[in-house]
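Protein chains get the first letters and strands the later ones, always in sequence-line order, with residue 1 at the start of each.
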Amino acid sequence: MRPERYNVRESEAKWRKAWADAQVFRTRNDDPRAKYYVLEMFPYPSGRIHMGHVRNYAMGDVVARYRRARGFNVLHPMGWDAFGMPAENAAMQNDTHPAIWTYANIDTMRAQLQSMGLSLDWSREIATCDPRYYKHQQKLFLDFLAAGLVTRKKSKVNWDPIDHTVLANEQVIDGRGWRSGAVVEQRELTQWFLKITDFSDDLLASLDRLDRWPEKVRLMQRNWIGRSEGLMIRFVIDPKTVGQLAGEPDVNELEIYTTRPDTLFGAKFMAIAPDHPLAAAAARHDPALAAFIDDCRRVGTSVAAIETAEKKGYDTGLRALHPFDPEWRLPVYVANFILMDYGTGAIFGCPAHDQRDLDFVNAYGLGVTPVVCPPGVDSATFIVDRVAYDGEGVMINSRFLDGMTIEEAKEEVARRLEAVSIGGRQQARRQVNYKLRDWGISRQRYWGCPIPVIHCEACGVVPVPASELPVTLPEDVTFDQPGNPLDRHPTWKHVACPRCGGPAERETDTMDVFVDSSWYFVRFTDPRDEAAPADRRIADYWLPVDQYIGGVEHAILHLLYSRFFTRAMRQRGYLDLDEPFAGLFTQGMVVHETYRDARGQWAAPEEVRVEGDAEGRKAFLIGSGEEVEIGPIEKMSKSKRNTVDPDDIIATYGADTARWFMLSDSPPERDVIWTEAGVQGAYKQTQRLWRLICEIERVVGPARPAAPAAFGDEARRIRQIAHAALAKIEDEIERLRFNVCIATIYEFANALSAEIGAIDAPPVADDLRYAFAEAGDILVHCFAPMMPHLAEECWEALGHASFVAQSPWPVADRSLIVSSEVTYVAQVNGKKRGELSISRDAGAAEIERAALALDGVMRAMDNRPPRKVIIVPNRIVNVVV
RNA sequence: GCCCCUAUGGCGGAACUGGUAGACGCGUCCGACUCAAAAUCGGAUUCCGCAAGGAGUGCUGGUUCGAUUCCGGCUAGGGGCACCA
């Protein structure tokens, strides 16, 4: 006799040990079966796992376990994105070395992940902060450097003038350093860049072939790459306005990039970025302008900050000549919303058809002239005042362009200006431009992969010889002062130049952590290879990743950088691979209510008791009974204290319950709200499924029956229920629709319960016993990817000696599912008026006759003759009167 | 500011490719079992209406025999914006 209740704690521990002892999830590179690589974005070892991790890894594990059952050789590895700022912040706060902090976190989180019962091959675990990992990254960097895929150039950073340190964008709050509170400045540093722009076209074009990526991610990447076709136009600066700038270089003309040359007759001003060379030249003769530029720099380097700041400009006094009218002069402003990184860092402003330009002229009173008239609007009365018009239309107020479409006008302007020559060069040329910029990877920080180059006064930049790799981080560093400890280290950075032997210095910048995560999926294929990032044959066998799963917050940067790395590695012969991730799924966050007391202090969910119902819910502190306000539902975060610790949930309810709840209810791409009721509901299901399996076992008996020659009606019905559920669950798992999958499992279990309840006392006929045994096996297989521990317990109860984790997926017999009768909905004028059940192969005339004979249909038709009858096969009959 | 996404009962959500809106779960209500409670099991549950029937998928307009689904205009919430990971 089986126990009434399923003992979660005992069983889960037992099965995890059994899997580990039998090495069930160990993956071999020489397995002859078809491969399937499923990967979840590896975690940053922040300290403890959170519910977002549970959700992410539960999803990946469903896919891994399902594919394994379907006969694939599955690679499902785990590792640690272990470099990054939090380790340095912790070092400063607690006086612990980043490595010690990081590895301690990894140990904690590994144990937590292991308690989830994930089917991971832990023998392939990697950490990016391990020199055995970053050694290969340094080799890749040097290889890319030799191949011209790396460059050095100047770029701006946020500089904290009190702490004397470079700040990350998130460390700049309202233009001030987070620690010192000092107003942030911009500094230019010479930094290392990976030339991702070499691949702009391919990165863009290949998006079309990523058909197993969410459309929104492809769209975001397309916009990010931002290919545009436009015109470079040289504006002559009126010599009469140059004045004291006369001696400065490049003050005779201003080159701009525009995608809207058609609006040239709507131009009201020119604007240049505060970092534009012309702005710098003008500022040398105008202290007020220099002060204005300093002001602009205090916003920081983030585009969001620059573009949301109030639009401000400074008139340089320079005037540019309109290309089509030498009498027409346009004022040249330095403006805080022009970005030096895009185009030439200079624009002409047409307020009528660009909102930013319009906001600008409204602030400076420069006037608006519309030049594109929307269809159906009278050009004589069309005015633009607060909202710019960026739609289609016909050219107006534009002399020789009048009456043309936008496209015709663009072409006409380009054609005319290409033909004009100034100083021996065309005044304008067509140009394809990209928003995408090269990837700056230099970080002025300790806890990252050292950039393996040496700076020699005589020889310049010298790569560290391969035999000396990896360049490891020195361990004797302190974090008692801000800034990069590598920079102030007494010995580490001083070395002999590998080329001339003279005194030289190591590069003290380390790499952006996005570099670490741009090739880790390659390393997992062959993680212990000492000679190469991965053996080429092994990498080519496993890659691409068949299903990649992670947060949508990585939709652009991480995924684009990984796509770049794949291309660079292919070019250098490491891989034969177009794209790293054939399938991508972006899952939603885990969110929770927030609680706040009268003093504005946040309260954690475990400190709060919630009472009430539909009318209103109230929350009280458990200790004092004080009422706390129930706030909005937000992403779980430490600062709002609305987190739930997976350890507590797993200890109370078990890993299967935690996994099940994270997969049920909400669609995986959407946010899921953590509720206590939801977890309890999931827990009840584990017990329900266990009871059902026990009942099946009692009906089937100790000996599993052989397949009978024929099935009676009841047995046929049970088989139909089981096979229909199996077919649907297969489809839903493959589409990663875990919530629908779980709903189908509930329906399946409910239906089986009803059938079991209808069974009379034993003995039970052989065909029924067979049908129940088969249905039980199918049910266990269906929930095994989500609740693997319970599934093993049930599998054993049903009399199997093997692991369900190693058993093949049952074959759905789809011929059992089709019924001979179909139900049509009968509508009159699109409104449902009845239903009719009819043979699947009934003809149109027969269906129409049956529909018109229905009571509800006749009443609704009210003796009017049918004008038209629409029949959608197997679905609907609509009578139009 | 720019780019992207989302919106369906009391709640989470389902609805194949434009074809029965509300599957499944939670909650609530009623009932069974029990001395009682818990657990479990059965039934009801979009709204208005006694009913017939009507209304209904954030708001608004359109296309269609038919719109949660397609198109236009809004509103609200969320993600990303290049040094958080």
Side-chain angles (χ1 to χ4, degrees), chain A residues 4-5 41 43-44 46 81 83-86 157-158 166-172 214-217 219-220 222-224 226 301-309 311 337 341 355-356 359 435-445 512-514 517 551-558 560-561 586 588-589 591 613-615 632-635 664-667 669-673 675 677-678 680-682 684-685 687-688 691 731 737 739-740 742-747 750 753 757 823-832 834-835 859 867-870 872 874-881:
Chain A
E4 268 303 303
R5 284 186 80 73
M41 290 180 184
Y44 179 77
S46 55
D81 190 10
F83 275 137
M85 255 186 352
V157 294
N158 299 307
V166 175
L167 298 177
N169 280 339
E170 72 157 6
Q171 296 174 321
V172 178
E215 185 51 43
K216 66 167 176 177
V217 174
L219 193 55
M220 281 192 270
R222 251 178 229 125
N223 290 334
W224 186 260
T301 57
S302 103
V303 174
I306 291 167
E307 293 196 344
T308 45
K311 287 173 188 49
F337 60 97
D341 293 315
Q355 191 61 46
R356 280 173 307 178
D359 294 343
K435 280 208 195 92
L436 183 65
R437 311 198 298 258
D438 279 329
W439 173 14
I441 59 159
S442 295
R443 297 291 181 270
Q444 295 71 42
R445 283 189 241 295
D512 178 7
V513 293
F514 274 120
S517 56
V552 71
E553 65 274 17
H554 294 292
I556 297 175
L557 292 181
H558 162 59
L560 197 60
Y561 292 151
T586 55
M589 297 180 301
V591 296
D613 47 31
E615 264 81 272
I633 294 167
E634 298 193 49
K635 177 178 177 171
S664 61
D665 289 357
S666 283
E669 70 278 9
R670 224 163 317 147
D671 291 350
V672 61
I673 303 173
T675 60
Q680 283 168 3
K684 273 204 306 203
Q685 292 309 321
Q687 298 297 348
R688 262 192 77 207
R691 280 196 305 273
D731 292 346
R737 292 167 30 108
N739 59 322
V740 183
I742 284 177
T744 309
I745 290 171
Y746 282 139
E747 280 182 280
N750 289 347
S753 275
T823 304
Y824 277 81
V825 166
Q827 297 182 330
V828 176
N829 288 342
K831 274 192 190 293
K832 182 182 170 185
E835 269 180 27
R859 214 178 310 132
R867 203 149 49 103
K868 196 168 159 192
V869 179
I870 294 155
V872 181
N874 299 335
R875 284 196 187 282
I876 221 159
V877 192
N878 189 14
V879 182
V880 185
V881 295

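Of the side-chain N and O atoms in A:R670, one or more sit less than 4.0 angstrom from OP1 or OP2 of B:rA7. Taking side-chain N and O atoms only, A:R691 has a distance below 4.0 Å to OP1 or OP2 of B:rC41. Between A:N169 and B:rC81 there is no side-chain polar atom (N or O) within less than 4.0 angstrom of OP1 or OP2. Note on A:N750: a side-chain N or O is less than 4.0 Å away from OP1 or OP2 of B:rG25. Regarding contacts with the backbone of B:rC83, a side-chain N or O of A:R443 is found under 4.0 angstrom from either OP1 or OP2. Within the structure, a side-chain polar atom (N or O) of A:R859 is placed less than 4.0 Å from OP1 or OP2 of B:rG53. For B:rA55, the OP1/OP2 oxygens have a side-chain nitrogen or oxygen of A:K831 closer than 4.0 Å. For A:N739, no side-chain nitrogen or oxygen approaches OP1 or OP2 of B:rC24 to under 4.0 Å.
With a 3.5 Å ceiling on both atom-pair distances, the Watson-Crick or G-U wobble partner of B:rU28 is B:rA44. Pair assignment for B:rC50 gives none, since no Watson-Crick or G-U wobble pairing has each distance under 3.5 Å. Under the Watson-Crick or G-U wobble criterion, with both distances below 3.5 Å, B:rA7 is paired with B:rU75.
Judged by closest nucleotide on RNA chain B, A:V825 is the one of A:V825 and A:V880 placed further toward the 5' end. Residue order along RNA chain B, read from the 5' end via each residue's closest nucleotide, puts A:N223 first among A:N223 and A:I742.
Checked against B:rC41, B:rG19, B:rG80, the side chain of A:R688 finds its nearest nucleotide in B:rC41. Comparing B:rC83, B:rG80, B:rG13 by their nearest atom to the side chain of A:R445 picks out B:rC83. When each of B:rA85, B:rG19, B:rG80 is scored by its nearest atom to the side-chain atoms of A:P86, the top-ranked nucleotide is B:rA85. Closest to the side chain of A:V552, out of B:rC83, B:rC5, B:rG79, is B:rG79. Out of B:rC83, B:rG19, B:rC26, the shortest distance to the side chain of A:I870 is found at B:rG19. Out of B:rG12, B:rA14, B:rC2, the shortest distance to the side chain of A:E307 is found at B:rC2. Side-chain proximity of A:E553 to B:rC84, B:rG79, B:rA15: nearest is B:rG79. The side chain of A:M220 lies closest to B:rG79, out of B:rC83, B:rC84, B:rG79. Considering only side-chain atoms of A:H554, the nucleotide from B:rA85, B:rC41, B:rC81 that sits closest is B:rA85. Closest contact between the side chain of A:L557 and the listed nucleotides B:rG13, B:rC84, B:rA85 involves B:rA85.
Between A:I441 atom CD1 and B:rC83 atom P there is a gap of 11 Å when expressed in whole angstrom units. In this entry the distance linking CD of A:E747 with C1' of B:rA15 reads 12 Å, nearest Å. Protein atom CG of A:D512 is 7 Å distant from nucleotide atom P of B:rA85, rounded to whole Å. Note: CD1 (A:I876) to C1' (B:rA15) measures 13 Å, nearest angstrom. Rounded to a whole Å, the CZ atom of A:F514 is 11 Å from the P atom of B:rA82. Taking atom CG of residue A:D341 and atom C1' of nucleotide B:rC81, one finds them 13 Å apart after rounding to whole Å. Following rounding to the nearest Å, A:W224 (CH2) and B:rC3 (P) show an atom-to-atom distance of 14 Å. In this structure, CD of A:E669 is placed 14 Å from C1' of B:rG79, rounded to the nearest angstrom.
Using P as the reference atom, B:rG73 and B:rC4 are 13 Å apart when rounded to the nearest Å. One P atom belongs to B:rG19, the other to B:rA37, and the distance between them is 49 Å to the nearest Å. Between the C1' atoms of B:rA23 and B:rU57, the separation comes to 15 Å (whole Å). The separation of B:rG12 from B:rG27, taken at their P atoms, amounts to 15 Å, rounded to a whole angstrom. Between the P atoms of B:rG10 and B:rC47, the separation comes to 7 Å (whole Å). Across B:rU63 and B:rG18, the matching C1' atoms stand 11 Å from one another, rounded to whole Å. Using P as the reference atom, B:rA21 and B:rA55 are 12 Å apart when rounded to the nearest Å. Spacing of C1' atoms, B:rU45 relative to B:rA36, comes out at 28 Å, to the nearest Å.
When only modelled atom types and interatomic distance are considered, A:N750 and A:R688 share a side-chain donor-acceptor pair under 3.5 Å.
Across A:D81 and A:Y44, no two heavy atoms sit closer than the pair O-CD1, 2.9 Å. Of all heavy-atom pairs between A:K435 and A:N223, the closest is NZ-O, 3.9 Å.
Counting any heavy atom pair closer than 4.0 Å across all strands shown, A:G440 reaches sugar-phosphate atoms only and no base atom. Within the 4.0 angstrom heavy-atom criterion, base atoms lie near A:Q827. Looking at heavy-atom distances under 4.0 Å, A:S442 makes contact with a base. Looking at heavy-atom distances under 4.0 Å, A:A555 makes no contact with the nucleic acid at all. Across all strands, A:G84 comes closer than 4.0 Å only to sugar-phosphate atoms, never to a base (heavy-atom distances). Base contact: A:T308 has a heavy atom under 4.0 Å from a base atom. Within 4.0 Å of A:D81, counting heavy atoms only, lie sugar-phosphate atoms of the nucleic acid but no base atom. Across all strands, A:I745 comes closer than 4.0 Å to no nucleic acid atom at all (heavy-atom distances). Using a 4.0 Å heavy-atom distance criterion, A:Q355 is classed as making no nucleic acid contact. Heavy atoms of A:Q444 sit under 4.0 angstrom from at least one base atom. Residue A:V513 is classed as a sugar-phosphate contact, given heavy-atom separations below 4.0 Å to backbone atoms only. No contact: A:V217 has no heavy atom under 4.0 Å from any strand. Looking at heavy-atom distances under 4.0 Å, A:V166 makes contact with a base.
At distances below 3.5 Å, at least one donor-acceptor pair connects side-chain atoms of A:D671 with backbone N or O atoms of A:M589. Checking side-chain atoms of A:Y824 against main-chain N and O of A:N874 turns up a donor-acceptor pair under 3.5 Å. The backbone N or O of A:T301 sits nowhere less than 3.5 Å from a side-chain atom of A:N169 that would complete a donor-acceptor pair.
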Checking A:Q685 against A:Y746 for the side chain to side chain contact (heavy atoms under 4.5 Å, CB included) test, could you report, in this order, the C-alpha distance in whole Å, the side-chain angles of both residues, the deciding distance, and whether it holds?
CA-CA 9 Å; A:Q685 292 309 321; A:Y746 282 139; 2.8 Å; yes

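Taking 90° from 0 as the syn/anti boundary, the base of B:rG9 is oriented syn.
Here the CE-OG1 distance, from A:M220 to A:T586, works out to 7.0 Å after rounding to the nearest 0.5 Å.
Below 30°, between 30° and 60°, or above 60°: for A:H554 and A:F514 the angle between ring planes is above 60°, a perpendicular geometry.
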